[in-house]
Amino acid sequence: MTTGADLLELSPVMPVVVIDDVEDAVPTARALLAGGIGVIELTLRTPVALAAIARVATEVPEIVIGAGTVTSPAHAKEAAGAGAKFLVTPGTTDAVLDAAFATGLPFLPGASTVSEAMRLAERGLTALKFFPAEASGGAAYLKSVAGPLPGLRFCPTGGITAATAPDYLALPNVGCIGGSWLTPKKSLADKDFATVERLAAEAAALAR
Ligand SMILES: O=C(O)C(=O)C[C@H](O)[C@H](O)COP(=O)(O)O
């Protein structure tokens, strides 16, 4: 896996995971894998996120671990140092973009407008995160941009559920979708990794 485009092919659903207790990182990754999901976007939203990425990278090498919520140049560097194999940003500034390129890792830069997407395409980036997907117009929006921007493919994320996922996955310019529903906050708090595995299996079965 060397490019952002490759990231879109790993799974129909990219699980977006928030880890509050670092001890949950490895069992969560194992549960996702057991359900058939081979990738995880672990968000840099909690104090333990970098440690969680490091643990998964070391202890569950079969899953492709990436860092989400990369919103600063420091995040990009720290995530790479922790062992992240890819980066995802919710939106894109020049500084974050430069830092992401500097890591040498594949990444999905966030965009929510046609102009943002075109700017990223000018930098050679054709696999983008569309965030926040539902609030920005959802599947209908992405369907509309496929005509003028045929070279771009997206990972829509934000407000997507198991019920709305098929609408996105049916679009030719959607490679995969991102969502947090595979790892509910309550399931992790209850150490209920069986539920994570079940939700992962249902997501892995979604057709593209
Ligand atoms: O943290 C980031 O980098 C983000 O871009 C935000 C997440 O992608 C969404 O919050 C996904 O979460 P749901 O909407 O619950 O599926």
Side-chain angles (χ1 to χ4, degrees), residues 1 3-22 24-26 28-29 31-33 37-57 60 63-93 95-97 99-112 116 120 125 127-136 153-161 165 168 174-185 188 196 199-200 203:
M1 187 193 65
T3 69
D6 297 332
L7 293 172
L8 300 182
E9 306 304 328
L10 294 174
S11 168
V13 181
M14 171 93 71
V16 178
V17 179
V18 177
I19 294 290
D20 289 307
D21 178 352
V22 72
D24 295 342
V26 165
T28 298
L32 290 169
L33 256 187
I37 299 273
V39 60
I40 172 170
E41 177 191 330
L42 205 150
T43 68
L44 300 182
R45 291 200 212 172
T46 63
V48 302
L50 289 170
I53 287 170
R55 283 213 195 176
V56 173
V60 197
I63 202 162
V64 182
I65 173 82
T69 328
V70 173
T71 56
S72 72
H75 276 161
K77 204 171 167 195
E78 288 163 2
K85 303 294 186 292
F86 67 92
L87 308 173
V88 185
T89 77
T92 314
T93 65
V96 168
L97 200 54
F101 273 122
T103 65
L105 295 174
F107 63 96
L108 294 176
S112 64
E116 288 166 11
L120 291 165
L125 297 160
L128 312 179
K129 167 164 169 163
F130 175 52
F131 177 81
E134 281 290 295
S136 302
R153 294 184 84 223
F154 296 89
C155 173
T157 308
I160 303 177
T161 65
Y168 286 92
V174 168
C176 67
I177 59 175
S180 64
W181 81 86
L182 286 65
T183 52
K185 198 174 176 66
L188 299 199
V196 174
L199 292 169

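Scope of the values below: all heavy atoms of this structure, side chains included, with no hydrogens, waters or symmetry mates. Computed from a predicted structure; not experimentally measured.
Taking the salt bridge (charged side-chain N to carboxylate O under 4.0 Å, His left out) definition, one finds that Glu9 meets it with Arg153, sequence neighbours left out. Every residue two or more places apart in sequence or in another chain that forms a side-chain contact (heavy atoms from CB on, under 4.5 Å) with Leu33 is listed here: Val60, Glu62, Ile63. Listed by chain and number, the residues in a ring-ring contact (aromatic ring centres under 6.0 Å, His included) with Tyr168 amount to none (sequence neighbours excluded). Partners of Glu78 by side chain to side chain donor-acceptor pair (under 3.5 Å), not counting sequence neighbours: none found. Judged as a side-chain contact (heavy atoms from CB on, under 4.5 Å), and not counting sequence neighbours, the contacts of Ala76 are Val70, Leu87, Ala99, Thr103.
Minimum heavy-atom separation, Ala165 to Trp181: CB-CH2, 4.2 Å.
Leu108 contributes atom CG, which lies 8.0 Å from atom CG of Leu128 (distance to the nearest 0.5 angstrom). Rounded to the nearest 0.5 angstrom, Asp24 CG and Thr183 OG1 are separated by 10.5 Å. For the atom pair Ile19 CD1 and Leu50 CG, the distance stands at 13.0 Å (nearest 0.5 Å). In this structure, CG on Leu42 lies 4.5 Å from CD1 on Ile65, to the nearest 0.5 angstrom. Going from atom OG1 of Thr89 over to atom CG of Leu97 covers 8.0 Å, rounded to the nearest 0.5 Å.
No side-chain donor-acceptor contact under 3.5 Å links Ser11 to the backbone of Met14.
Legend: salt bridge (charged side-chain N to carboxylate O under 4.0 Å, His left out) pairs involving residues 43-52, not counting sequence neighbours: none detected.
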